[in-house]
Amino acid sequence: MFWNRKKAKEPAADERKLTTDVTFEKTVCKVPWNLRTQEIDRQIENWWEVEECLLDMFEEEDEFVTLTAGEIQHQIRFVQSCTCAEGIVVELGLEDETGTRLVQKSCSAEGCMDIFLEFFETTAVHDLDSYHPTEFYTS
């Protein structure tokens, strides 16, 4: 509300409510594999391209990598990860007939690399029970 000169007082971060009840539109990927970072958004064919981007992400805070599958077999459309002050977070985009929901977990660099590799090789990720729904602030 940039036009409103009387700015409403926003609640403190610890007072805002969180929700996990968020569904996104289904992702459309018309290529077998799409890799996205801050610098690139392109079709890929080789694991080393993903590995290189992940290694770059581990070096820098506030970087991300998203790997999207053109065809899904295990309800996972994409795997994405970012580095932040809290460490490395990996999210999965779980897709069904209603849309896409995000689940996440924190992990090590090695664990993150393993998750992306498994997804690239099989379009699956094991141990889904270790992920929890991603929380978003409500408006």
Side-chain angles (χ1 to χ4, degrees):
M1 298 185 145
F2 296 109
W3 63 89
N4 186 351
R5 294 193 188 274
K6 290 183 179 180
K7 189 172 183 180
K9 184 179 177 186
E10 288 191 27
D14 58 346
E15 294 176 359
R16 293 188 288 181
K17 295 185 189 226
L18 294 170
T19 184
T20 59
D21 189 23
V22 177
T23 303
F24 297 92
E25 291 181 9
K26 289 183 177 182
T27 301
V28 176
C29 183
K30 298 180 180 181
V31 297
W33 291 104
N34 189 76
L35 182 64
R36 184 166 181 242
T37 70
Q38 282 85 337
E39 291 84 30
I40 65 167
D41 186 358
R42 68 173 185 247
Q43 177 179 344
I44 62 157
E45 296 179 13
N46 300 298
W47 163 249
W48 65 263
E49 295 174 273
V50 180
E51 182 178 42
E52 183 176 280
C53 289
L54 288 170
L55 291 172
D56 288 345
M57 182 191 78
F58 299 148
E59 298 285 321
E60 299 288 329
E61 193 170 302
D62 297 326
E63 296 281 325
F64 75 89
V65 174
T66 303
L67 179 62
T68 306
E71 292 187 35
I72 63 173
Q73 300 170 1
H74 305 282
Q75 289 190 294
I76 303 171
R77 173 61 70 186
F78 59 85
V79 174
Q80 61 188 12
S81 184
C82 68
T83 55
C84 56
E86 297 80 31
I88 299 170
V89 175
V90 174
E91 289 184 326
L92 307 178
L94 303 179
E95 192 172 281
D96 63 21
E97 62 279 346
T98 62
T100 303
R101 293 188 177 275
L102 294 179
V103 294
Q104 69 176 18
K105 75 176 185 177
S106 296
C107 64
S108 65
E110 182 180 345
C112 177
M113 192 75 74
D114 290 345
I115 292 165
F116 272 79
L117 179 59
E118 179 182 16
F119 181 65
F120 185 78
E121 290 179 341
T122 68
T123 69
V125 173
H126 76 282
D127 201 20
L128 286 176
D129 293 339
S130 66
Y131 293 79
H132 60 275
T134 301
E135 293 182 324
F136 296 91
Y137 286 108
T138 61
S139 49

Transitive ILVMFWY side-chain link Ile76 to Val31, under 4.5 Å: no
Under 3.5 Å donor-acceptor, Glu63 side chain and Phe58 backbone: no
Between CD on residue Gln73 and CD on residue Gln75, distance to nearest 0.5 Å: 12.5 Å
Side-chain donor/acceptor of His132 to backbone N/O of Gln104, under 3.5 Å: yes
Which atom of Thr123 lies closest to which atom of Ala69, heavy atoms considered: CG2-CB, 4.4 Å
Heavy-atom donor-acceptor pair, Arg77 side chain to Leu94 backbone, under 3.5 Å: no
Distance-only donor-acceptor hits, side chain of residues 41-57, under 3.5 Å, sequence neighbours excluded:
| from | atom 1 | to | atom 2 | distance (Å) |
| --- | --- | --- | --- | --- |
| Asp41 | OD1 | Asn34 | ND2 | 2.9 |
| Glu49 | OE1 | Glu45 | N | 3.3 |
| Glu49 | OE1 | Asn46 | N | 3.2 |

Derivation and outcome, side chain to side chain contact (heavy atoms under 4.5 Å, CB included), residues Val65 and Leu67: CA-CA 7 Å; Val65 174; Leu67 179 62; 5.5 Å; no
Side-chain donor/acceptor of Thr83 to backbone N/O of Glu60, under 3.5 Å: yes
Side chains of Tyr131 and Val125 in contact at under 4.5 Å (non-hydrogen atoms): yes
Linked, directly or transitively: Ile88 and Phe119 (ILVMFWY side chains, under 4.5 Å): yes
Single-linkage hydrophobic cluster Phe78~Leu35, side-chain heavy atoms < 4.5 angstrom: no
Inter-residue atom distance Glu71.CD - Trp33.CH2, 0.5 Å rounding: 10.5 Å
Single-linkage hydrophobic cluster Val90~Ile72, side-chain heavy atoms < 4.5 angstrom: no
Exam field: side chain Glu91 to backbone Thr134, donor-acceptor pair closer than 3.5 Å: no
4.5 Å side-chain heavy-atom contact, Val79 and Glu118: no
Side chains of Leu117 and Met113 in contact at under 4.5 Å (non-hydrogen atoms): no
Over all atoms of both residues, closest heavy-atom pair of Cys112 and Cys107: N-SG, 3.5 Å
Check: Ser81 side chain, Val89 main-chain N or O, donor-acceptor pair, under 3.5 Å: yes
Distance in Å, Lys105 NZ paired with Asp127 CG, rounded so as to fall on 0.5 Å steps: 5.0 Å
